[in-house]
Structures are given as structure tokens and as C-alpha cells.
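Okay, structure first, notes after.
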Number of protein chains: 2
Amino acid sequence: MADYPAFSVTADLVVLTVQDNEMRVLLVRRGIEPYRGQWALPGGFVLPDEDLDAAAARELREETGLTAPVGHLEQLASYGAPGRDPRGRVVTVAYLALLPHLPAPVAGSDAEGAAWTALPVAELAFDHARILADGVERARAKLEYSPLATAFCPPEFTISELREVYETVWGARLDPRNFHRKVTGTPGFIEPVGRSIAAERGRPAQLFRRGPARLLHPPMLRPTP
Amino acid sequence: MADYPAFSVTADLVVLTVQDNEMRVLLVRRGIEPYRGQWALPGGFVLPDEDLDAAAARELREETGLTAPVGHLEQLASYGAPGRDPRGRVVTVAYLALLPHLPAPVAGSDAEGAAWTALPVAELAFDHARILADGVERARAKLEYSPLATAFCPPEFTISELREVYETVWGARLDPRNFHRKVTGTPGFIEPVGRSIAAERGRPAQLFRRGPARLLHPPMLRPTP
DNA sequence: CCCTTTTTCGTCATGATGACGATAAGCTTC
DNA sequence: GAAGCTTATCGTCATCATGACGAAAAAGGG
């Protein structure tokens, strides 16, 4: 293999969550050069004996403290333009994580801090703005034909909470009655827990958990403006 | 960068086409170790000053002789499990190409031959069977909500040709009349050329070219069996 | 007790779809 | 040239999904 160009490979994360009707992304403030002091996506180098998915899961665990299989993690895309990293030839395999809102994140070893930042984000290190945009667009599209909106919710949630996820990610208002009919009528999307919970105001809502379906048939299409 | 593990990075291609009601993939017979003599996906190492997309486009050009912007090429996913390549730590960025049927492919420098092989394929080198399966599934899904079926067709095509693409990729029969209504009624999917062409049998069909739409609204969903 | 809020269930018109009849326009065969 | 075959194209109809919206249910606050 010495004949072939040597690359470094990193696994970077687009970690999205929904809170207070805002979409937020987990960012770290870089503590080392290059781009020291700037905000960037969390991530790090893939270890010599580590699979790509394992590296992404490890980075997610290090940044959020997550151990249980909550939320959702999938590969997003890879980025390897020459010059995208001043240190040399670096290929980044980006992953998309969707999580319910969590307590304050933990700063990694080479970061000065970490924070949930509301979108849109002003400026990011490297080509991370592009990676973030790709992740957000992937999330928006996947809500249409997959039940992944539940990944933004805690294990038990109400239909209103689920609707707020859709409204926030899509940036559009949805009719509560039609939304209720749609999600309860799509087999395998959500399952009733059997209990109800009192909200701040109004009639208590039933609790649901995510169902076994991995695809929505038919899909829930974004409203056409 | 010397502190960090060194990887080799390859760009491998899942090149799909449709011919004679069969889906076919472009494979090469490896002329060098490892897996010498076995069939594999075409591809090769990313050059020191080359972007990932450029490497994939170069490999596609080398294998098929394509220069004009015909068909479709997009990134599929990356694969980097330790041990997936006996030569060392290799990360493969896989690309998916959809092409109209072309003349016999050209064998690359380190390959003994190349061939269009009908699916399913018996055995492939490395983890290429998995990559191929992911590419096929991506193609099947994308036909639902994108106009990419036209990438399997020549620049001008009939609605029957387009329907045969759908039927072959999905492995399902579609009603010609409903299909005609759907594709002509979806704005931006296809545009009439204004001429007709005589088929082998039956009434001559109008010719169409691909339209400007990049997404189908509403999507064309696979029939539920 | 009345008002507000949210959940949940219905109603109705509209649009998309599956099933399928009918006509158009070419060819082959007699 | 007429009959017959094949495919393309247009229509019809019932059914299903959806958007718009009314209304009852179930809580809390004045």
C-alpha cells in the first residue's frame, strides 16, 4: 500500500435535535489549530482498527454521553476535496444523528466547549457548513417517507410533540387534526402506550411509542407552498 | 498528519443499466491480487490531488469511454471495515451510476476484462456484493421520488421504454395506461420532442426527453404486493 | 359555572390512483 | 384493400388519501 497516496479519515457528526420549536445542531469550539476558536462539527480520526460506523458511534458517545440505543445514527456522505483540510489529505465520512433533546453536551479532548446551536449557523470551520446543510436536507427528506421523526422524541411522546418535530424541521404549520389522522392511520408508525399525560394546558394527550415500521406507506409529503 | 493512521481511499462504481428486461451491472475481472480472477466492481485509488467525485467520474470514463454528460452519477456510501481489503486499511467511497445501455465496456489497466452482468450476481471480490446490493436498493428507491429512470434511457425515448425501466428495476408489471397518465401528468418529468418513432410492432409512439424536474411531486410509489 | 386550550373524532370536497373499456395508428396476412 | 394483431393514447369509474374545517371531549383557571 506504500505505492498509494496516504489519507487520513475522520468521522464527523451532524447531530440534530429539536427543542423550543427550533432545530439545533451540536457544535464544538475547536481548541487546536487549524480553525482554532471556530465552531465545527464534532468528530475525530478513525482509529487503526475501527470500522467507520464504530468511529461515528464512539464520537457520538464521547460528545453526548449516550450509551443506550436512543435516537438514530446513519451515514450521511463523504467529503474529500483536496485542500479542504490544511493539514493534508483528509477524507471525512459524515454521519447524521437525530436525538431527543439532551442535557448540556460534554466538550471533547481537543475542544474548548460544546453547545447546542440553533439553525441557521453563521460560520463553521472546514467545509462543515456544506456538510451541515446536507445533513439538514437529508433529515427533512427522511421525515417524508420514514418514521424517523420519532428519533427526535423521547421514548414516550404525544402526537403533539411529534407534530412539533415535523413543523420545526420542515418550517411549516400542519393541521393538528389531519396530522393526528395520518399518524394514527399509518400502520407501524406509532403505537399507543395506553396511558395519558397532562400537558401544560388543554385536554391530556395519549402517550405513544415508536412502532416497528421502517418506511411510511404512503409517505407524509411536505406541504407545497 | 504522520500521527494519524494512514488509509488508502478508492472510488468504486456500481454502474447499472437496463437491457432486455434485465438489470445489469458493469463488472471487471481482476487481473492482480488479491482476488485475482474474480469479478469485482470497477474502481481504483483516488489520486493525490483528486476530489472524490472527480475520481469516480474518471473511473467511469476509463471503464465506459463516456465523455458526454449522459446518465447519472452520485455518491452512494463509504465502506471501511478493518480487514475488508487484505492489502491494508482501505476506505472505499462507492458511487452509483445509472446509464443507458452502451456498447461493450473497456477493460481497465489492472483488469483482465469487463462485462455487463445480469443481476443477481453470484459472487464478488471484497465486500462488493454488499455495495452492489446497496446500490440496487438506492436505485429502486430513487425511481419512486425522482425522475432518475430517464438516466437509464437514451436522450430521446418513448413512454414504453421508460415504463420498461421501471418494470425491470422494480421487478413488477405496471399498467401502461395508468403509467402514461402519471408520467405525462407530473410536471417537469418528461417533455415531448414533437416527433414519433415506429416501434417493432403497434402504433408509433411519441418521443420524449427528460424534463427539468429533480423531484417527483407526488412520487410514483411501487405497487404494494 | 363559564371560558380557554388542546385532544380527538367526523364531514365534505378535491385530487390521485387502480382497474379497465374504447379508440387510434401503425404493421402483417390474406 | 380488408381483416386482424399490436401498441399507444384517451376516458371512465370506484376507491383511497388528503386539505379544510366543524364539533365534542377533557382538562385547568377565572
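A, B, ... follow the sequence lines: proteins, then strands. Residue 1 opens every chain.
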I'd like to know if the side chain of B:Thr150 pairs up with that of B:Arg209 as donor and acceptor (distance under 3.5 Å, no hydrogens or angles considered).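 B:Thr150 vs B:Arg209: no donor-acceptor pair found between side chains.
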Establish, from distance only, whether the side-chain atoms of A:Asp134 and A:Tyr79 form a donor-acceptor pair under 3.5 Å.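 Yes, because at least one side-chain N or O of A:Asp134 sits under 3.5 Å from a partner of the opposite role on A:Tyr79.
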Could you list the protein-to-nucleotides 10-16 of chain C atom pairs, N/O on both sides, closer than 3.5 Å?
none

Aromatic ring pairing A:His101/A:Trp116, orientation class (parallel under 30°, perpendicular over 60°, tilted between):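 The arrangement is tilted - the two ring planes meet at 30° to 60°.
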Fit a plane to each ring of B:Trp170 and B:Tyr166, take the angle between them on a 0 to 90° scale, and name the class: parallel (under 30°), tilted (30 to 60°) or perpendicular (over 60°).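 Ring orientation of B:Trp170 relative to B:Tyr166: perpendicular.
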List, with names and distances, any nitrogen or oxygen atoms from the protein found under 3.5 Å away from nitrogen or oxygen atoms belonging to nucleotides 25-30 of chain C.
| residue | atom | partner | partner atom | Å |
| --- | --- | --- | --- | --- |
| C:dA25 | O4' | B:Arg203 | NE | 3.4 |

Whole-Å distance separating the [atom1] atom of [X] from the [atom2] atom of [N]:
X: A:Ile159; N: D:dA26; atom1: CD1; atom2: C1'; result: 16 Å
X: A:Leu221; N: D:dT18; atom1: CG; atom2: P; result: 8 Å
X: A:Arg222; N: D:dA17; atom1: CZ; atom2: P; result: 22 Å
X: A:Glu144; N: D:dT18; atom1: CD; atom2: P; result: 12 Å

Is a donor on one side and an acceptor on the other found under 3.5 Å between the side chain of B:Arg140 and the backbone of B:Val169?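 Answer holds: yes.
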So, do A:Leu73 and A:Leu13 sit near enough that their side-chain heavy atoms are less than 4.5 Å apart?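 Counting from C-beta outward, A:Leu73 and A:Leu13 do come under 4.5 Å.
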Taking all non-hydrogen atoms of both residues, which atom of A:Pro100 and which atom of A:Thr17 are closest, and how far apart?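 Closest approach of A:Pro100 to A:Thr17, heavy atoms only: C-OG1, 3.4 Å.
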OP1, OP2 of D:dA8 versus side-chain N and O of B:His180: anything below 4.0 Å?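 Checking B:His180 against D:dA8: no side-chain N or O falls below 4.0 Å of OP1 or OP2.
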Between A:Arg195 and A:Glu156 (salt bridge meaning N to carboxylate O under 4.0 Å), is one present in this structure?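 Yes, charged N to carboxylate O under 4.0 Å.
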